[in-house]
Participant: 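Just dropping this structure here.
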2 protein chains.
Amino acid sequence: MSPQERRAPLNRDRVLAEAVTLADEIGIDALSMRRLAQELGVVPMALYKHVANKDDLLDGMVDVVIAELTEPPADVSWQDAVRHRVLSARAAVQRHAWARRAIESRTRRTPTVLAHMDAVTGGFLAGGCSADLTHHLMHALGNRIWGFSPELFDAPADPDAPGPDAETAAAAMAEMGRRYPHILAIATAATGGDLGQVGAGCDEDFEFVFALDLLLDAAERLRRGGWTRGGSPAASENR
Amino acid sequence: MSPQERRAPLNRDRVLAEAVTLADEIGIDALSMRRLAQELGVVPMALYKHVANKDDLLDGMVDVVIAELTEPPADVSWQDAVRHRVLSARAAVQRHAWARRAIESRTRRTPTVLAHMDAVTGGFLAGGCSADLTHHLMHALGNRIWGFSPELFDAPADPDAPGPDAETAAAAMAEMGRRYPHILAIATAATGGDLGQVGAGCDEDFEFVFALDLLLDAAERLRRGGWTRGGSPAASENR
DNA sequence: AACCAAAGGTGTACGTCGTACACCTCCTGT
DNA sequence: ACAGGAGGTGTACGACGTACACCTTTGGTT
């Protein structure tokens, strides 16, 4: 073959970029070193010249996603600054459905990961939260700083599965209501009482923002109250 | 061999019980069908007479853990009832370190899983939260209803790894502070200013209860304010 | 007493995975 | 002209989950 049609040599960035788009297409479970190599027109072992192993690959892919995050404008309240960073992370995670599980399973903290955590932390501190309070608020936010929270009710939603007929569905719903009346109650409420829509799932965006604002409101209340660990004006008026 | 020393026949419960204790010992990653079979003195394929496949095994193991949860006393406030259920889940998950990841990765909702979700939901409803509010609060709680929340800063903590000497550690810490000043600030606050302890990790129990009570307090405030979706007296005074 | 269908357990085999290791083949700087 | 390294190859190993055909023991029916 002539030299000019020879493939440009790989490098780490090209490997990571292809891994990300491939995972976008086929999902994280189907992404194997072999499959990725094939997509790059290369033998599997060639990848190991650019990533240490599959864990390293996954770390790198997460870094690529985090690189998509954006900075908040300079002139907003501290809550909105934090809010921006978190929602920006959420948008990135939604563009890459696999990223959620990848972030959850990664234990190694790459510099990129630490940088995002540092930025969110900085948002609380800049707003006047004490270092101690900020620490606990970061824990309270939890995975929400990555733009997701556990999707409690999300349907496995296999679109290929044959849908049950209406009669069967109604029977299943009745049985569900008998066994788990409370779940049925809130599921029904979510659809404004339309029972036929109960299986349709929740408005994840609304739920996410609801919880996020709940926490930011609580944060602002504690900050104003001068929260300190142990005794505080605002917290734990229950129990 | 004589008949009386022949192994008692397996059944699903014995398989699940052994899987749970084995996972407690060697971790969920090292738990393979082959290893589990060996532990039961049986050939790998024998397990498939009692569980459909590995996913089914994992589902069953999660059910075993959930069976350890306890009911709250009857005469407590609704917040304490929810609190009891959640902390009871937390205790169970702490007894089985692998359960966290197993619960996170399971997508199928077994009856046991649904029962727990129904019970927590019922706690909010019994306290007088509307079905709609309860729905959103469940989402806000997220994985906390399973007794864990993402451990943001938890150290990979490989005890076998050779500890760096004090000098190297101090240099790493200085570099850390230069790159991620905000993280360093809150990490230092968590140890009362003792820099040597910064790597030691957080008091996860405190963090968990802090976030839990934050949410329960917010819930009670919204309930009292008669929260409804859209416009409400209490929520979203920021932004 | 004779029988037969399950239920429980075995053995072999296949395809897939991550990756260790030895090797080759260019390109680049001296 | 040459050495060395970076990039790519080929083969191979030991896991893994599990399909499939087979054997053995047992309990109920005739």
Side-chain angles (χ1 to χ4, degrees), chain A residues 1-20 22-23 25-62 98 101-102 104-108 110 156 158, chain B residues 1-20 22-23 25-62 98 101-102 105-108 156 158:
Chain A
M1 80 175 58
S2 71
Q4 64 266 34
E5 63 180 283
R6 205 159 39 225
R7 221 200 36 260
L10 251 39
N11 56 46
R12 186 170 224 264
D13 285 346
R14 290 215 323 144
V15 170
L16 293 183
E18 182 60 37
V20 165
L22 185 56
E25 286 167 24
I26 67 176
I28 196 80
D29 287 325
L31 178 77
S32 65
M33 298 299 276
R34 291 167 141 97
R35 177 70 199 270
L36 175 57
Q38 175 190 327
E39 215 72 20
L40 288 162
V42 122
V43 97
M45 285 311 292
L47 300 179
Y48 288 87
K49 290 289 200 282
H50 307 285
V51 297
N53 49 46
K54 196 174 185 185
D55 260 19
D56 186 35
L57 175 75
L58 259 4
D59 281 340
M61 291 170 65
V62 169
W98 49 270
R101 270 184 49 201
E104 268 174 345
S105 66
R106 244 59 315 267
T107 94
R108 191 162 149 250
T110 68
D158 182 356
Chain B
M1 86 173 54
S2 69
Q4 63 267 35
E5 63 180 283
R6 204 158 41 227
R7 224 200 34 259
L10 250 39
N11 57 46
R12 186 170 224 266
D13 285 347
R14 291 218 326 164
V15 169
L16 293 182
E18 181 60 37
V20 165
L22 185 56
E25 285 168 24
I26 67 175
I28 198 78
D29 287 325
L31 179 79
S32 66
M33 298 299 274
R34 292 168 139 95
R35 177 70 199 271
L36 175 57
Q38 175 190 328
E39 215 72 21
L40 288 162
V42 123
V43 97
M45 285 312 292
L47 300 178
Y48 288 85
K49 292 284 199 260
H50 306 286
V51 297
N53 49 45
K54 196 177 183 181
D55 260 19
D56 185 36
L57 175 74
L58 259 6
D59 281 340
M61 290 171 65
V62 169
W98 49 270
R101 270 184 50 200
S105 65
R106 242 66 309 271
T107 91
R108 192 166 146 245
D158 182 355

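A, B, ... follow the sequence lines: proteins, then strands. Residue 1 opens every chain. Values below: all heavy atoms of this structure, side chains included; hydrogens, waters and symmetry mates excluded.
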Participant: Identify whether any heavy atom of Met33(B) sits under 4.0 Å from a base atom; if not, whether one sits that close to sugar-phosphate; answer base, sugar-phosphate or nothing.
Facilitator: sugar-phosphate
Participant: Taking the side chain as everything from C-beta on, heavy atoms only, tell me whether Asp55(B) gets closer than 4.5 Å to Arg108(B).
Facilitator: no
Participant: Looking for any heavy atom pair under 4.0 Å, which part of the strands does Lys49(B) touch: base, sugar-phosphate only, or nothing?
Facilitator: base
Participant: Output the single nucleotide from dG18(C), dG9(C), dG17(D) whose closest atom is nearest the side chain of Ser32(A).
Facilitator: dG18(C)
Participant: Take atom CG of Leu47(A) and atom C1' of dC17(C), then tell me their distance rounded to the nearest Å.
Facilitator: 14 Å
Participant: Is it true that Glu18(A) and Arg14(A) have a side-chain N and a carboxylate O under 4.0 angstrom from each other?
Facilitator: no
Participant: Tell me the interatomic distance from Leu10(A), atom CG, to dA6(D), atom C1', rounded to whole angstroms.
Facilitator: 12 Å
Participant: Measure the distance from CG on Asn11(B) to P on dA6(C) and round it to the nearest whole Å.
Facilitator: 21 Å
Participant: Between Lys54(B) (NZ) and dC17(C) (C1'), how many Å, whole number?
Facilitator: 13 Å
Participant: Quick check on dA6(D): is either OP1 or OP2 less than 4.0 Å from any side-chain nitrogen or oxygen of His50(A)?
Facilitator: no
Participant: I need the CZ-C1' distance between Arg35(B) and dG17(D), as an integer number of Å.
Facilitator: 17 Å
Participant: In whole Å, what is the span from the CG atom of Leu57(B) to the P atom of dG17(D)?
Facilitator: 10 Å
Participant: How many whole angstroms separate atom CE of Met45(B) from atom C1' of dC16(D)?
Facilitator: 13 Å
Participant: Do Arg106(A) and Leu58(A) come close enough that some side-chain heavy atom pair is under 4.5 Å?
Facilitator: yes
Participant: Starting at CG of Leu36(A), measure out to CG of Leu16(A) and round the result to the nearest 0.5 Å.
Facilitator: 9.0 Å
Participant: To the nearest Å, give me how far apart CZ (Arg34(B)) and C1' (dG17(D)) are.
Facilitator: 7 Å
